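The next block holds one structure in the form of structure tokens; read it before the comments.
None of these values were measured; they are calculated from a predicted model.
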Protein chains: 2
Amino acid sequence: MLKRSFDSIGWALPVNSSASTKERILTAAEALFAQRGFEGASLRQLTAAAGVNLAAVNYHFGSKDNLVEEVFKRRLDQLNARRMAALKQVAGQPGTTLEDVLSAFIRPALDLSHDGGGGLFMRVLARAFADHDDSLRKFLSENYGHVMRQFTAEFARLLPNLSKEELYWRIDLVTGALTHAMSGFGIIQRKSDVSETTHREQTAAHLIRFAAAGLSAP
Amino acid sequence: MLKRSFDSIGWALPVNSSASTKERILTAAEALFAQRGFEGASLRQLTAAAGVNLAAVNYHFGSKDNLVEEVFKRRLDQLNARRMAALKQVAGQPGTTLEDVLSAFIRPALDLSHDGGGGLFMRVLARAFADHDDSLRKFLSENYGHVMRQFTAEFARLLPNLSKEELYWRIDLVTGALTHAMSGFGIIQRKSDVSETTHREQTAAHLIRFAAAGLSAP
DNA sequence: GGGGGAGTCAAACGATCGTTTTGTTTTGTG
DNA sequence: CACAAAACAAAACGATCGTTTGACTCCCCC
């Protein structure tokens, strides 16, 4: 099978033994889901990596499906809150540029990969996109829709000559570029001589410049 | 489990009973991999959808892993050939525009979803991106690298004032946008009153306009 | 017309999956 | 301290996974 051996991961998961069992499971699940997918990561691998008993998942989360949702919720709530906070500072103001709004959209996502250890989450998200599952789609729309609507409204304000259809299309393409870049598949890898912070700043700059130009295409 | 019931797919796979067993398997595999992922699609579902015996996969392909590779190879070869043919007609010529090269890059991918029934392949590709597997990455680089290098060279010719790093970044972002749009996750769905051909043409137009602006950002 | 590889088939293999059960330990509270 | 609830642990459950086996059919070629 497509199985990469478990030992070949090469780096141990940082099992914070002081954290609660629930947190340990969530952290290990996020990492394992990102690496092996939702179906590829088994509860036995997962609980072993978290250092908890196999039954703990079903005890604390009810089922593997619920665990998947919780993994999503934890990071999405974080991401949504940061995006909304960033948007609030620039939305509706006269001096606001397209780059400002894009920054509010992109930087919280990039920051997620630095603190909180949520870097792998974007890969999980890319997986969810590819999974194309209707229930997951609905879940994302329910927990994500209001944020996207607010951003869309602000984009519409700054790009008044764009039809609604055009705007939807372009925002969708920006999302695709962001997800792709953040899921880390691209050829672009951080060079060892630039710090994580610097690399993140460069990534944001590239994304924002590209997206701003794409959005305001003639 | 994350299992969508098999019956809920809602549309029967077009099992061309005249095709060879190998072809039937490949076609069914492409559709099922796109819908349920490489690990989510079982050989029993697959062979049932193809109307062949369970053992036929291991007989004709040796293993499920080899089948995955063959599914990739069949479409990638097609896609590569069409992209190279399209690029050849515009590369190096004085009157060539950025849009021409982007068209050579994008349209073959979109066309794949129309004829040959390879529409689901892009979702498979998006999955492969998300899978982030090293062996798959290597496989893609081996079967895809030379095409990307040719396109990169032509982009570099048309965008001489872009640093190599900038160019790599932007091409990567274009790829992300294209994959995302084609994997069909986006909000944009074909409306029932526009034909498939028209919708494809509109998609290509949106993508090319967006990508051209993004690539030639200041 | 008979030998032989190619193809198909039902059946079974061991492994692993998510989940459940049952019993024990820990924790909080009166 | 005693009692109840929460948490943990070991073992087993049935289902499903990819793969293998061995027999049976078909068809081509000597």
Give a yes-or-no answer on whether the side chains of Arg83(B) and Gln150(B) include a donor-acceptor pair shorter than 3.5 Å. no

Specify the separation, in whole Å, of atom CZ of Arg44(B) and atom C1' of dT16(C). 13 Å

Verify the contact: side-chain N or O of Ser42(B) to OP1 or OP2 of dC17(D), cut-off strictly under 4.0 Å; return yes or no. yes

Grab the NZ-P distance between Lys64(A) and dT16(C) for me, whole Å please. 15 Å

Closest to the Leu43(B) side chain, choosing from dC17(C), dT19(C), dG18(D): dG18(D)

With rounding to the nearest 0.5 angstrom, report the CZ to CG distance, Phe151(A) to Leu87(A). 4.5 Å

How many Å lie between CG on Asn58(B) and C1' on dC9(C), as a whole number? 14 Å

Take the protein atom CD of Glu39(A) and the nucleotide atom P of dT19(C), then report the distance between them rounded to whole Å. 12 Å

Under 6.0 Å from the ring centre and within 45 degrees of the ring axis: does the NZ or CZ of Lys22(A) meet both conditions for the six-membered ring of Tyr59(A)? no

Atom-to-atom span, CG of Asn66(A) to C1' of dT19(C) - whole angstrom: 13 Å

Measure from the side-chain N and O atoms of Asp100(B) to the backbone N and O of Val90(B), and report whether any donor-acceptor pair falls under 3.5 Å. no

Polar atom pairs between nucleotides 5-11 of chain D and protein, under 3.5 Å, N or O only, would you list them?
residue: dA7(D); atom: OP2; partner: Tyr59(A); partner atom: OH; Å: 3.2
residue: dC8(D); atom: OP1; partner: Thr21(A); partner atom: OG1; Å: 2.5
residue: dC8(D); atom: OP2; partner: Thr21(A); partner atom: OG1; Å: 3.4
residue: dC8(D); atom: OP2; partner: His60(A); partner atom: NE2; Å: 2.7

Do you know the tightest heavy-atom contact between Ala181(B) and Trp169(A)? CB-CZ3, 4.2 Å

Nearest whole angstrom, please: distance from the C1' of dG18(C) to the CZ of Phe38(A). 17 Å

Do Asn58(A) and Leu43(A) come close enough that some side-chain heavy atom pair is under 4.5 Å? yes

Rounded to whole angstroms, how far apart are CZ on Phe61(A) and P on dG18(C)? 15 Å

